[in-house]
Every structure is written in structure tokens, then in C-alpha cells.
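Report on one structure; see the data block that follows.
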Amino acid sequence: MCALRVPAMAATGFAAQSILRRVVPSFLSTRPTRVVGDFFSGTNLILRTPLHPSAFGICSLPQAIKGDADILLKGVGDKNTIEDVKRIVELAKRASLRREVLHTDFLTPPVLKESMLVLERLADLKTVAQGGYPEAERCRLSVGHAEALTSDPDNVAALSISGNFSFQPCSHGDFLGAILGTGIARNKLGDILLQGEKGAHVLVVPELSDFLVSALDKVGNVSVSCKKIPLLALEYEPPSTKSSKSIEASLRLDAVASAGFKVSRTKMASLISNGDVRVNWSTVTKSNTTIKTGDMISVSGEGRLKIGEISSTRKGKFAVELIRYL
């Protein structure tokens with residue numbers, strides 16, 4: 001099981017002394033209002049205001065409740081994730097103050113990454129990310145006070161979807177569409193691990209596993225059965241990919257994606273404007289969005305494409321490595 005821990009930060013010991021030696025000078029004033037002893041050397045320092053934990057980039061949960069949450073969110077690098085991260089910070093505050101453990105739904109990698117970076121700055125808070133297996137992309141985040149979150153929560157369930165896919169192979173999108181067709185929201189569903197002719201293994205929130213077992217009976221035109229399996233029974237193989245290179249005049253989304261998915265630029269522009277294209281798991285509706293190395297492009301009904309190395313040609317164009325997931 002995937003378990004990523006983030007320890008709570010505390011300004012103590014030698015590390016704190018080092019931080020204070022760098023921070024304290026910024027508080028010095030020519031008009032002394034308070035004198036405190038310098039516990040490093042025995043001399044006195046004159047401070048304009050008392051030192052505050054946020055001076056070290058650390059917020060206690062009471063501070064966050066009073067408004068420092070907005071300060072924490074200013075450090076979020078991916079602005080498309082801010083609203084999701086804000087909700088997770090509010091969830092973490094409730095969990096810590098009540099001394100209980102709360103869980104998010106399945107999060108996309110960008111939201112998970114930004115949330116972890118923000119939450120590690122809250123004192124007395126512990127987090128565990130779980131997706132069901134070590135390489136999971138979509139994970140649930142468990143948050144709580146360090147005294148409450150003492151073990152890995154059991155908050156991810158695995159299901160096996162089996163059927164005869166020998167003559168009618170089904171894609172990741174086919175399984176996803178069939179599961180969502182039962183009425184389950186996307187954020188209740190984790191990764192889908194294709195098993196070739198046998199079907200697929202899927203990760204879900206435990207409270208919906210019984211419902212899926214009874215409700216899911218067909219994927220595409222193939223009749224299927226669904227049953228619970230232990231997480232240790234998950235079968236995972238790295239996805240098959242095919243790499244190619246394309247020379248592009250620009251790094252516009254419509255140009256790069258049309259080359260990667262081998263569809264016309266006009267059709268790709270239409271897919272983008274209709275909201276069928278996502279970049280790094282966020283819907284993008286502007287064809288002129290600039291693409292960069294490492295970006296993941298998903299197109300409904302077409303699959304996924306990762307952008308590899310990008311280099312400039314002698315003629316001023318771009319040689320783009322395109323990694324298509326099969």
C-alpha cells in the first residue's frame with residue numbers, strides 16, 4: 001500500500017537556532033519597545049514585535065483559523081488547484097482541532113502535491129497519502145492531529161472487473177465510462193489497472209464497493225462480473241507507451257496534441273473548446289495554451305499523452321517528444 005508521510009514541523013533544537021539567527025535581524029528597531037535575552041549568546045536583542053511562529057513559515061492550526069490559511073495558499077504553485085487545496089486545508093483544521101482523522105476523496109496528482117506542500121507547514125498535523133499501490137496516480141489524503149493519526153487508515157478498496165475481452169478489447173476510457181455510468185462521481189474512483197483480456201482492477205472508496213459489485217454488469221458490449229479483492233492481489237504493470245517526435249512551429253496545445261493523437265488540428269481545437277481536453281488533470285478550453293516538458297494531456301475518447309523532451313531546431317522550430325499511452 002502506498003503511504004507517504006509528512007512529519008509535522010517544529011522550531012526547536014539547533015535547526016531553530018539557525019532559523020532564528022537569520023530571522024531576528026529583520027525585527028530590529030531603532031525605537032526599542034521590548035528587550036529580550038538572546039538565548040544564543042547571553043546578549044540582549046531589541047525587537048519591534050514578539051517573534052511569531054509564522055516568521056519561520058510555520059502556522060499553528062489556531063492561526064490558520066484566524067486567516068493565515070490565505071497566506072498559506074499564496075504559496076500554491078499550480079493556481080488551478082487553489083480551490084481544492086483550500087477545501088483540504090479546512091478539512092485538516094477540523095480534523096486536528098477535533099482530534100480525529102478525516103479523509104479526502106481521490107485527488108489528482110497536482111492537487112495532492114500542492115496540498116502536501118501546504119499542510120506540511122501546519123504544526124501538529126500529520127498526513128498520509130494512499131492510492132492502493134506504490135505507483136498510484138490518484139490518491140486519498142488522510143489528515144489529523146499527530147496524536148490521532150497513529151497508523152495507516154484503511155480507506156481504499158480494490159475491485160476486480162472480469163469478463164471475456166478476447167474479441168472486444170476495452171480501453172481505460174471504456175471502464176471509466178462504465179463505472180461512472182452507474183452514478184458514481186469521478187472523485188470516488190482511483191486508478192484503473194487494465195488486465196488485458198481478463199478485464200481490470202479498480203480502486204474505489206470502501207463505502208461504494210458493495211454498490212459497484214451489484215450495479216456494474218457491462219463494460220462496452222462485454223458482460224462483466226465485479227468482486228472485491230485484497231489490495232495485495234492487485235496486478236500492476238507499467239502502461240505500454242509508444243514514443244515519437246514531431247516538429248512544430250509553436251508549442252500550442254492544439255498543435256502538439258493533434259500531432260500526438262494523430263487527429264486534425266481542426267478536430268483537436270473543437271475538442272479543446274468543448275472541454276474534452278485536460279492538461280495535468282485540469283480542463284483547458286484555450287487552444288493557444290503553451291505546453292511544456294512533463295505535461296500530461298488527456299483527451300476524452302483518445303487516451304493520454306505525455307510531453308517528453310523539447311528542443312529547438314536550427315530553423316527556430318520545436319522538436320517535441322510525444323509519449324502516447326496505449
Nearest heavy atoms of [X] and [Y], plus distance in Å:
X    : Y    : value
L112 : C139 : CD2-CB, 3.8 Å
G260 : R324 : O-NH1, 3.5 Å
N280 : P110 : O-CG, 3.3 Å
P169 : D174 : O-OD2, 4.4 Å
S115 : L141 : CB-CD2, 4.2 Å
I323 : S243 : CG1-OG, 3.8 Å

Salt-bridge test for E137 and R304: reply yes if a basic N is under 4.0 Å from a carboxylate O, no otherwise.
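Salt bridge between E137 and R304, a charged N being under 4.0 Å from a carboxylate O: yes.
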
Could you tell me whether a side-chain N or O of Q130 sits under 3.5 Å from a main-chain N or O of P153, the two making a donor and an acceptor?
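Present.
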
Check: [X]/[Y] side-chain N/O donor and acceptor closer than 3.5 Å:
X    : Y    : answer
Y236 : D191 : no
S166 : N164 : yes
T81  : D84  : no

For the residue pair [X] and [Y], establish whether any side-chain heavy-atom pair is separated by less than 4.5 Å.
X    : Y    : value
L159 : I229 : no
R140 : V156 : yes
I192 : I161 : no
Q195 : S160 : no
R252 : T289 : no

Mind checking the [atom1]-[atom2] spacing from [X] to [Y]? Nearest 0.5 Å is all I need.
X    : Y    : atom1 : atom2 : result
I247 : T313 : CD1   : OG1   : 6.0 Å
R87  : T104 : CZ    : OG1   : 11.5 Å
H145 : S96  : NE2   : OG    : 4.5 Å
S298 : D276 : OG    : CG    : 11.5 Å
S258 : E248 : OG    : CD    : 6.0 Å
L119 : K126 : CG    : NZ    : 14.5 Å

Return the set of residues passing side chain to side chain donor-acceptor pair (under 3.5 Å) with [X] (not counting sequence neighbours), or none when no residue passes.
X    : result
S142 : H103, N155
S225 : S162
E321 : none

Identify, with sequence neighbours excluded, every residue that meets side-chain contact (heavy atoms from CB on, under 4.5 Å) alongside [X].
X    : value
K262 : none
T266 : S264
N187 : D105, A185
R94  : E90, L91, R98, L102

Who clusters with F261? Use side-chain heavy atoms, under 4.5 angstrom, across I, L, V, M, F, W and Y, and order the result by chain and number.
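Noted: F261 shares its cluster with L251, L253, V256, V263, M268, L271, I272, V277, V279, V284, I291, I297, V299, L305, I307, I310, F318, V320, L322.
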
Co-members of Y325 in a cluster of I, L, V, M, F, W and Y side chains, linked at under 4.5 Å
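Noted: Y325 shares its cluster with W281, M296.
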
Apply ring-ring contact (aromatic ring centres under 6.0 Å, His included) to F175 and list each qualifying residue two or more places apart in sequence or on a separate chain.
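For F175, the residues satisfying ring-ring contact (aromatic ring centres under 6.0 Å, His included) (neighbours in sequence not counted) are F165.
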
Do any side-chain atoms of residues 201-209 form donor-acceptor pairs under 3.5 angstrom with protein atoms, and if so which ones, sequence neighbours left out?
from	atom 1	to	atom 2	distance (Å)
H201	ND1	E235	N	3.3
S209	OG	P206	O	2.8

For residues 213-223, dump all side-chain donor-acceptor pairs below 3.5 Å to protein atoms at least two apart in sequence or in another chain.
from	atom 1	to	atom 2	distance (Å)
S214	OG	D210	O	3.4
S214	OG	F211	O	2.9

Examine V128 and L117 and state if one hydrophobic cluster contains both, with Ile, Leu, Val, Met, Phe, Trp and Tyr joined whenever side-chain heavy atoms are less than 4.5 Å apart.
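No.
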
Give the C-alpha distance, both sets of side-chain angles, the deciding distance and a yes or no for side chain to side chain contact (heavy atoms under 4.5 Å, CB included) between I179 and L176.
CA-CA 5 Å; I179 294 170; L176 176 61; 5.6 Å; no

